[in-house]
Amino acid sequence: MSHHDTKPEPAKYEPKVIGVLGEFAGPEQLVAGARAIREKGYRKVEAYSPFPVHGIDDALAAPKPILPWVVLGAGLTGCAVALLMQWYMNAFEAPFPLSGYDYGISGKPSWSLPANIPVTFELIVLFSAFTAFLGMIAFNKLPKFSNPLFRNERFTRATNDKFFLLIEEDDPQFATESITSAFEAIGAVHVEALYDQPTTPMPSWIVPVGAVLMVAGLIPLGLVAMNRNVHTSTPRLSIWWDMDYQPKYKAQTTIPDSLFKDGRSARLPVEGTVARGRGVIDPALELGYIPASEPTFETALLLQEEGTGEQPPAEEPAEETPADADEAPAEEPAEEESADQPADETTEAPAEKSTDMQEEPAAEPAAEPADEAPAEEPTAEESQPATDEAAPAEGGEAEAPAAPHYNWVSEFPEAITVDSDLMERGERQYNIYCAVCHGYAGDGDGLVHQRAIAREQLATWAPPTSIHNEAVVKYPVGQLFDTISNGNIGDWTKDGTPMRGRMAGYKQQISVKDRWAIVLYIKALQKSRLVTPDELSEQELASLK
Amino acid sequence: MATADYVVNGGPVPVADQKDPRWVNPPLVEKGQTYESVTESICAINEQEVQKTPTAWLFSFFISASLAGMFSALIAYLIFTGVGVWGNTSPIFWAFPIVNFVFWVGIGHAGTLISAILFIFRQNWRTSINRFAEAMTIFAVVCAGTFPGIHIGRVWFAYFLFPLPTTHLYMWPNFRSPLLWDVFAVGTYASVSLVFWYMGMIPDLATLRDRANGKIRQLAYGIASLGWTGSASQWRVYEKAYTLLSALAAPLVLSVHTIVSFDFAVSQLPGWHTTIFPPYFVAGAVFSGFAMVITLMVPCRKWYGLQHVVTDQHLENICKILLATGTMVGLGYTTEFFMAWYSGVAGEQDAFINRMFGLQWPAYYTMFICNVFMPQLFWFKKFRSTPILMFIVSIFVNIGMWFERYVIVVTTLERTALPSSWNAFSPTWVDYGMLIGSFGLFFTLFLLFLRFLPIVAMAEVKGVMAHEQAHHPDLADHH
């Protein structure tokens, strides 16, 4: 350890001058001193300070470090290494050892840049940062534990509060006396010569001991490598056996001697379970149609209620419906009424007729004759050309699977009071939710549509349907309600369930009552285009002139 | 040189502003300090003799080292028994371990942010606290890294995480998995932070070396400082390297929590699958990290008498950052609810209703109150200028941010798409023990740092002092 030998022993060793050290009072003096001493022609000048001093590099005419370029190179290397590594490991495969593995996941391409960006970014930073650090060490020729400067008593303050200039002995003009006087002339606080000193050799045992330790350190790695490359027929040790063998049944399996009669490892939901928020009490109100008598999950609760002949419970599940919804008797929809009105129904919708409508039964019967269904068939006219990628709507009514018998509600449900308040509410909600696509007048020319046209996206853009479209005008109110709730019906599957088109459903955002309000407003908008002069009063006619 | 009164930092101040006392920037280092007094006051902490170690330090170290020991014992218990010792159960496979991981990684972010981003923006006030915060980063990342390491179940196969060749399997890691991105992100973050922290310490370690008077001290600091002399050519390369490291660490810190958030956001679970996660996670990380800086800084500054270096102005700046990031986090929470409603996806809406009103509602409200309401107190000057008050608020934020991760992880996993698999999470004593134990590990490392390493970047503080002094004569000339 070097501090034993801090005092030179002149008898054995003649110290050699290796430089002259001048101490300065502060950072400004250091910069001024460095500039002055260089002007005197000294070239091997080095400055020492406890913190980086602004302007010292100029004063010493130091070259700019090339470290940034080295780091840039490292960053580019990191980028290339990362991309190659990921490509080799996940997108390349060949029949040789340590080959990559072409990782097919859900039919995605083996090589797709977006998924590789995070790792690439991290490796760029990793390579660059370590290069910046190791580059700093290397360019500064560190680590260097032995340095004659460290044995100078005054110099220990160079990392604390003092500032030094050193002129090294390989300077062409080097001469201790002249440098001393030059330093004093430019304001050095203290000047002294710096002597070389003998260094202690490393203890002789370090190298062999180090070598033995390094070899010993490799033994575990060697054992691991060996064991990974030999074959054995004895089973692996099971130290934690309960991790490999656990007394349990997995989900979706059968149990031979089951606890349960059906042999399943898992239980099914209790019969008749209705998920919270999924029960339907008044289908005319909440669905816009009366489901067929076949019990479905959605109508399970309804049918339960009908079976016992009881009134539905007072509280409505999840969806916010108007308080008066409960008053709609559950059995009422199943009663009667002909469904001859798809065509004339459109003329009945406007608000002024609302009182009449309320007197009528709320919905079509479940037992509607099948031959009337085609009138309501939402086919080619309704679905837009680009609505369905698979089957172009031009395919025609003949080829499309017949629309199933859907008991659309043709009148507003009893729970909905049709009045001018509802109309205003409908207008507001329509303007909020629908007008962006369908336009304020319902022509299918909302802002979204106009923007698509402006951006020339016609190839992929499916224009919103106009509500004045002949097919839409014929929709019973129930189907309008269903469209708002679940989206438009683009097509029908063979088993008679609707396939939804481009328009998304809004039942999560708009309450039941508001959806009916929008239906009312749409009916009013449609009526505004279809009204004939003889339907209007004198006063109204006069106002149009 | 030291008697100059440093009124201003960062350049000339217009005359009009000088007349109004409110516009005079408080000094970054208090009046009357010299280069030597800075060295003295900071080195004195490390140079105390062993017999004179403060009782408070010994007491704290005893407690935290015991907890760290308990942590190790619990890890051994976990490895020998299996992950069943935790409360993790189907379908809540991610519970405390991942909550703790995200929590600790988040804490780390403030350190890098203070070091790198504030350095790039030339915020000189960072110099007094950056070392401290960087140390916090390293120790937080150590705690963070432990949890996924032990959460993989069979820890002896942890090397599967790395892209190592296997001779028999032809099998490599899947680079499309955010969990693998995480390995790279956290690995890079830990190692780059360590390098950044160590490189920043080299000049200060040289100061300690040059002042050392014992053999062991001299040898240890001598080796650690690599033979640094403080020559102009060393400083030149050093400063360049430090700037480069800052420029690299700044995007790195943003990427790390972004990628941590991908662990959640790239999955398809309601409540996780959302694009707001990356920015919201990063804001939360900065928020929790700065809160931890306050938690640690307020007592340390008092015990070690560092009020002249870490001034009230520093604390106030941190409080303002807490206020800003806390508000961002609050915006994140509300945006999530808006998006759940706006998406129209019932599953998403259920997930959030469940978050607020479900089994874990106490966790949700703890999170919301601690993270959104508490930092709003920093609108009041009183809270920004009273250390004890900001300390209390920072404790709330630490608690709140732990609960944030708990809420995100547990509420979503408890309610999967298959109601028959629903389950309720309840932690075991091992879960609690490991959470507390990780704090023990963190504080053990931190106390060792306080005792043996320079806790303030002396060279940088002196540089700022020189800068402030150099500008004072300028002012006199101009006006």
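Numbered from 1 within each chain, the chains take letters A, B, ... in sequence-line order.
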Looking at A:Lys144, A:Lys162, A:Glu122, which has the largest count of heavy-atom pairs under 4.5 Å with chain B?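 Option with the greatest count: A:Glu122.
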
Top contributor to chain B interface from A:Gly135, A:Ala251, A:Ala115 [non-hydrogen pairs under 4.5 Å]: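 Between A:Gly135, A:Ala251, A:Ala115, the count favours A:Ala115.
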
Are side-chain heavy atoms of [X] and [Y] found at a separation under 4.5 Å?
{"X": "A:Tyr101", "Y": "A:Asn90", "value": "no"}
{"X": "B:Phe184", "Y": "B:Pro163", "value": "yes"}
{"X": "A:Val45", "Y": "A:Leu166", "value": "no"}
{"X": "A:Thr159", "Y": "A:Pro50", "value": "no"}
{"X": "A:Asn160", "Y": "A:Thr156", "value": "no"}

Polar contact flag, side-chain donor to acceptor under 3.5 angstrom, [X]-[Y]:
{"X": "A:Gln252", "Y": "A:Ser265", "value": "no"}
{"X": "B:Thr112", "Y": "B:Tyr189", "value": "yes"}
{"X": "B:Arg176", "Y": "A:Ser110", "value": "no"}

[X] versus chain A, heavy atoms under 4.5 Å apart: side chain, backbone, both or neither?
{"X": "B:Leu244", "answer": "side chain"}
{"X": "B:Ser343", "answer": "backbone"}
{"X": "B:Pro251", "answer": "both"}
{"X": "B:Ile202", "answer": "side chain"}
{"X": "B:Ile259", "answer": "side chain"}

Is it the side chain or the backbone of [X] that comes within 4.5 Å of chain B heavy atoms, both, or neither?
{"X": "A:Leu126", "answer": "both"}
{"X": "A:Trp87", "answer": "neither"}
{"X": "A:Asn147", "answer": "side chain"}
{"X": "A:Tyr433", "answer": "side chain"}
{"X": "A:Ser112", "answer": "side chain"}
{"X": "A:Phe133", "answer": "both"}
{"X": "A:Ile137", "answer": "side chain"}
{"X": "A:Glu46", "answer": "side chain"}
{"X": "A:Tyr506", "answer": "neither"}
{"X": "A:Ala82", "answer": "neither"}

Pairs of heavy atoms under 4.5 Å with chain A: top-ranked of [options]:
{"options": "B:Ser90, B:Gly227, B:Pro203", "result": "B:Gly227"}
{"options": "B:Thr258, B:Leu245, B:Asp350, B:Thr229", "result": "B:Thr229"}
{"options": "B:Arg236, B:Glu40, B:Glu239", "result": "B:Arg236"}
{"options": "B:Gln349, B:Glu460, B:Met458", "result": "B:Gln349"}
{"options": "B:Tyr198, B:Phe196, B:Trp172", "result": "B:Trp172"}
{"options": "B:Gly344, B:Ala459, B:Ala241, B:Ser231", "result": "B:Ser231"}

Distance under 6.0 Å and angle within 45° of ring axis: B:Arg209 vs A:Phe150: yes

According to the interplanar angle, ranging from 0 to 90°, do the rings of B:Tyr342 and B:Phe338 count as parallel (below 30°), tilted (30 to 60°) or perpendicular (above 60°)? parallel

is_close_aromatic(A:Phe51, A:Phe163), centroid dist under 6.0 Å: yes

Are B:Trp235 and B:Tyr238 near enough that their ring centres are under 6.0 Å apart? yes

Quick one: do A:Arg157 and B:Glu36 make a salt bridge, cutoff under 4.0 Å?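 The answer is yes: the pair qualifies as a salt bridge.
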
